[in-house]
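These notes concern the structure reproduced below.
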Amino acid sequence: MMALLARDLKLAVRAGGGFGLGLAFFLIVTVLVPFGVGPETALLTRIAPGVLWIGALLACLLSLDRILALDWEDGTLDLLATAPLPMEGIVSVKALAHWITTGLPLVLAAPVLGVLLNLAPGGYLWVLVSLAVGTPALSVIGTFGAALTIGLKRGGLLLSLLVLPLYVPTLIFGAEVARRGAEGLEVATPLLLLGGISFGAMALLPFASAAVLRINLR
Amino acid sequence: MMALLARDLKLAVRAGGGFGLGLAFFLIVTVLVPFGVGPETALLTRIAPGVLWIGALLACLLSLDRILALDWEDGTLDLLATAPLPMEGIVSVKALAHWITTGLPLVLAAPVLGVLLNLAPGGYLWVLVSLAVGTPALSVIGTFGAALTIGLKRGGLLLSLLVLPLYVPTLIFGAEVARRGAEGLEVATPLLLLGGISFGAMALLPFASAAVLRINLR
Amino acid sequence: MVLRVSNLEISRGGRAVLEGVSFALAPGAALILRGPNGVGKTTLLRTVAGLQEAEAGEITGAGESMAYAGHSDGLKSMLTVAENLQFWAAVFGRSEIEAALAAFDLRELAGRLAGSLSAGQKRRLGLARLMVTGRAIWVLDEPTVSLDAASVGLFAAAVRGHLAQGGSALMATHIDLGLEEAAVLDLSAFRARPRAAQGDEAFL
Amino acid sequence: MVLRVSNLEISRGGRAVLEGVSFALAPGAALILRGPNGVGKTTLLRTVAGLQEAEAGEITGAGESMAYAGHSDGLKSMLTVAENLQFWAAVFGRSEIEAALAAFDLRELAGRLAGSLSAGQKRRLGLARLMVTGRAIWVLDEPTVSLDAASVGLFAAAVRGHLAQGGSALMATHIDLGLEEAAVLDLSAFRARPRAAQGDEAFL
Amino acid sequence: MGRYVRFMSLWEYANPVKFIRTTDVVLPWVSVLAVLCLVVGLIWGFFFTPEDYRQGSTVKIIYLHVPAALMAINAWMMMLVASLIWIIRRHHVSALAARAAAPVGAVMTLIALATGALWGQPMWGTWWAWDPRLTSFLILFLFYLGYMALWSAIEDDDTAADLTSILCLVGSVFAVLSRYAVNFWNQGLHQGASLSLDKEENVADVFYFPLLVCIAGFVLLFIALVFLRTQTEIRARRTRALIAREQQG
Amino acid sequence: MMPDLGKYAGAVLSSYAVALGLIVVLVALSIWRARRVKAALDLVEKRNKRHG
Ligand code: HEM
Ligand SMILES: Nc1ncnc2c1ncn2[C@@H]1O[C@H](COP(=O)(O)OP(=O)(O)OP(=O)(O)O)[C@@H](O)[C@H]1O
Ligand SMILES: Nc1ncnc2c1ncn2[C@@H]1O[C@H](COP(=O)(O)OP(=O)(O)OP(=O)(O)O)[C@@H](O)[C@H]1O
Ligand SMILES: [Mg+2]
Ligand SMILES: [Mg+2]
């Protein structure tokens, strides 16, 4: 288990492993938004928490196909399935590795990008907190989607399509926490719900992902 | 040439060809935005043109890796390179096929999705026009990016990274046309500039794409 | 542990492939599966390895004591030879890789990235992986693809050593492996009558 | 058109592979390239096909009269056999596919999706593609991989027919194709001295 | 003997060995000069210049901000020229020099952005505004990121050089386009060029001279870093080539 | 010695810190990698000389 995690992290940071690409994508999407909606700072301040959340979500989404597909293509998954590791553990570790290499950098970068969007001063903390609590759910749900679409050629777009609806609750509560935080309102309720989703996803989805993966390996 | 176009279109609509996935992605992103930024209609009306443009751009982006990668993986590109077709023609046809299967549906769907975002009544026409003029540039630029990253395993994220900065001028002028249109302002200047970019990209970029592709086939 | 397969029936892609396959593999024994392309060797091995389910029949004795090596080697091109082996050793709760490196003449290559190996060297690494699993039953699908004669010899020696230690090996191949002591089972005799797999059968 | 290769030097992945390769291929003649794995057959054929550049030497007479078939067949699994062939015929400005279907015994399969073919059938379709190009010089990389004996016979017949019509063929293979009339060139003799390709040479 | 060649052609330095030999001689001097200029300029600027009557002490940021901004653009220009040389004359050193310059340019862009943002907070009351100049710097940064990502993603060195050169060409065109687009999109807060010859807007001489020294320091620093990093790239490539030859022979 | 930076001290000092920090990191990384690569090359070159 630890070996698998260590290997995934090592692969991510080796040349060509794609570490940092998610972050760069996040940066670019954030930059594009003002080009689309116009440069008025008041407007940007209002939509900043939502944009940060959507940007983080998309950056996560685009890196999902690396979670399992590479291991599938070179046969590693077949071999892992016959190794003495429970499939649930494998998918959990994969999701964890994805979060460490994608979600965590996004969480840390979000406040910096908040500057670009004139995030309200009170918002920085809550954007950070909401992403920190919410992105694990994105990784776990995304792993489920990756397991579903494994083996499809260039299934990236289909993967996005399957996963996006599943991301809706996380996005709603996450963005709500960030928005309320930015406006100085109370955040406890949505934060609790967000935590609940994250926790629930982490506890239950690996079983679904493992089942799906076993079916796809057949 | 025509045969290549016909084949690409046929492949796109056959089961599993991915036709309509871009459209679905566009729909979902548009639907997610209110969840992210909150449901106030006035706010949505203001950002609607920008959101539609960004959504269309992302939907385009996600389907780019299908332009060339599938043909590369199964050896078709090698064979096409030895066929009596100029490489510039091949990449142009590929970009055209991408536009017809992705850009065009987005153009037609944008006004419908405008309803979801409370687009201002005057905006429908100009969103349509700006997308119609601008999306060809997105396809052509995207083909260049796809040619650059061909042969990289799971290069999707890198492709996005390379292409997004190139999309900036198109996005700015496109969204500007749509926004000004929605607010009832004059649109001639940005529309002209947008047309200029589209036209210039279509005229010149295929040469760069062909050069890049030749290098990658080596 | 004796691997015992009895009256197995398997299908692939919605079509029955083999039926009535039975054999037993005792410790110290090797069994070679033969048969023309598409007869179902890969399907059978994947079923034995537990990667897919049988339509009927029973497999006992595999599971936790079995190591599988398929058409692909599961190597990461951005890890070195040693790192690849260490990873698989760790997955199987072990850490010793020297013997495996030596057995497949990989010592000199230990520091090279797996991506920079030739096809034959990659295959040798894939086979060395078996030795670090510490598993008793090897289930191998065309293990000697793209190996030259000398490497096939290394492989045969490794299998002999494994058998001598009480292990066993089940292999599908088109090539002569130079393992005269191994029993041979030709699968052509077990071709399934043309019919749909159980999933489809419900609709017929 | 005579294909003439003189004093060719080629490299792959930054390393010189072959040097001093010369041969000529007249209309009506066939030449078979041999040599162990990794000697550079594929690289040589790709260079002749114009897909990569030579480090030195000259190739004349290929270009517009040459049809290439590599390790992959360039088939679309979501198109039928006939549609695949029609596409390639159209690319080469032709439309006739019946003869090609007949020559490789693909008539019955014409309406099947290419994705549902077996490996050997796929390969036959890939070879049939050559006949619809109408090109005179065939450049073939391991054309008979995964073909059974009968299909190898069909291929040999197709090549003979092509030669009889004044075409020529350059083929790399490890297998006996049953084409006794073809000349054989063993590439082992042309292995390049160990050195870097020109790109790297500037740094040595 | 043939005619004595007095002037070595500039292209001679495109030979990796000659490049390393020459830069080995030049590098220490450039480095020392760079450090000297930076130390003198920054100390002069930081400690011995008065405050601006409008901007207060924040004017001291200019000694970092302007040189970094200039180098950010010049680095890209240099990469563009080097890419062209590689495409036209295929001199390996120029391709590697372009590769070596990219991270330096990216860091310069980052410095300009960061100091600008820190400057903006007291001056404009905001860290960031979508001013055309700031925005186009952000876009320039994105171009650097993409360029570096492409270099590191491709294994074959010459292929990577070819592809990144073309990306640099196309990217330059689009960077200029973006600049105009951004200008059109939003008229800004940022002041115009201050080093230009029309005196109206120029900074006072007290700020001007230390600024010039700092700019010289940044230029020299850039040159030193590019020399050093190009040497590194050449050596790395040579190492790979030697190892490849060993394995083959 | 330290000039009085007034109310903008934070901005000025942090820009100097950030800028100089970034430069130092860049220079350090460049030198570190230069050393490492040079050592690796020397190793390979020595090996090559020894083997002829
Ligand atoms: C955050 C991003 C910023 C960027 C990318 C940026 C970019 C630049 C560039 C490229 C120059 C050189 C212009 C030239 O000399 O031709 C410059 C100069 C200058 N910038 Fe900025 N700037 C930024 C923020 C700011 C802020 C917030 C201020 C605050 C007032 C500021 C004040 C100046 C001054 C005073 C100069 C030098 C004098 C001049 O050239 O007019 N900049 N900046
Ligand atoms: N993914 C698949 N979908 C549908 N049918 C398949 C699939 N894979 C294999 N088949 C079919 O199942 C049958 C058995 O395939 P299998 O791979 O087990 O054969 P094999 O004996 O291993 O052949 P080979 O010697 O070529 O490896 C073949 O007829 C094949 O066409
Ligand atoms: N993509 C690549 N990158 C680097 N080196 C390569 C690459 N492809 C092949 N090589 C090397 O180039 C040499 C020649 O390869 P080539 O594919 O031409 O051999 P071949 O004679 O066709 O072999 P085979 O009989 O296995 O097809 C081999 O030593 C191989 O290791
Ligand atoms: Mg098989
Ligand atoms: Mg070959």
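Not measured: the values here are computed from a predicted model. Keep in mind that the numbers below use all heavy atoms, side chains included, and drop hydrogens, waters and symmetry copies. All chains are named by letter (A, B, ...) in the order of the sequence lines, taking the proteins before the strands, and each is independently numbered beginning at 1.
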Practice task
Taking the side chain as every heavy atom from C-beta outward, state whether E:Gln231 and F:Lys38 have any atom pair closer than 4.5 Å.
Solution key: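 With C-beta onward as the side chain, the pair stays apart.
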Practice task
Could you tell me whether the side chain of F:Val27 reaches within less than 4.5 Å of the side chain of E:Leu221, counting heavy atoms only?
Solution key: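 Yes, their side chains come closer than 4.5 Å.
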Exercise for the section: Tell me, please, which residues at least two apart from E:Val30 pass side chain to side chain contact (heavy atoms under 4.5 Å, CB included). Expected result: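 Side chain to side chain contact (heavy atoms under 4.5 Å, CB included) list for E:Val30, sorted by chain: E:Val26, E:Leu220, E:Ile223, E:Ala224.
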Practice task
Tell me, please, which residues at least two apart from E:Val226 pass side chain to side chain contact (heavy atoms under 4.5 Å, CB included).
Solution key: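 If we apply the side chain to side chain contact (heavy atoms under 4.5 Å, CB included) test to E:Val226, skipping adjacent residues, the hits are E:Met78, E:Ala101, E:Phe222, E:Thr230.
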Practice task
Determine, step by step, whether F:Leu13 and E:Lys60 satisfy the side chain to side chain contact (heavy atoms under 4.5 Å, CB included) criterion, reporting the C-alpha distance in whole Å, the side-chain angles of both residues, the deciding distance to 0.1 Å, and the verdict.
Solution key: CA-CA 9 Å; F:Leu13 289 178; E:Lys60 295 189 193 304; over 6 Å; no
Once rounded to the nearest 0.5 Å, what's the spacing between atom [atom1] of [X] and atom [atom2] of [Y]?
X: F:Ser15; Y: E:Ile62; atom1: OG; atom2: CD1; result: 12.0 Å
X: E:Arg237; Y: F:Leu41; atom1: CZ; atom2: CG; result: 13.5 Å
X: E:Ile111; Y: F:Leu26; atom1: CD1; atom2: CG; result: 8.0 Å
X: E:Leu64; Y: F:Leu20; atom1: CG; atom2: CG; result: 5.5 Å

Exercise for the section: Would you mind checking which part of F:Val44 comes under 4.5 Å of any heavy atom in chain E, side chain (CB onward), backbone (N, CA, C, O), both or neither? Expected result: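 Contact with chain E is through both the backbone and side chain of F:Val44.
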Problem - F:Val25 portion near chain E, given a 4.5 angstrom heavy-atom threshold - result: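 Contact with chain E is absent: no heavy atom of F:Val25 under 4.5 Å.
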Problem - Residue from E:Leu225, E:Thr232, E:Leu228 passing side-chain contact (heavy atoms from CB on, under 4.5 Å) with F:Ile31 - result: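 Result: among E:Leu225, E:Thr232, E:Leu228, E:Leu228 is the only option passing the side-chain contact (heavy atoms from CB on, under 4.5 Å) with F:Ile31.
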Problem - Non-hydrogen atoms of E:Ala236 and F:Val37 that approach each other most closely - result: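 Reported closest heavy-atom pair: N-CG1, 3.4 Å.
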Practice task
Evaluate the criterion side chain to side chain contact (heavy atoms under 4.5 Å, CB included) for residue pair F:Arg33 and E:Glu233; output intermediate values, then yes/no.
Solution key: CA-CA 10 Å; F:Arg33 178 148 180 268; E:Glu233 297 294 346; 3.3 Å; yes
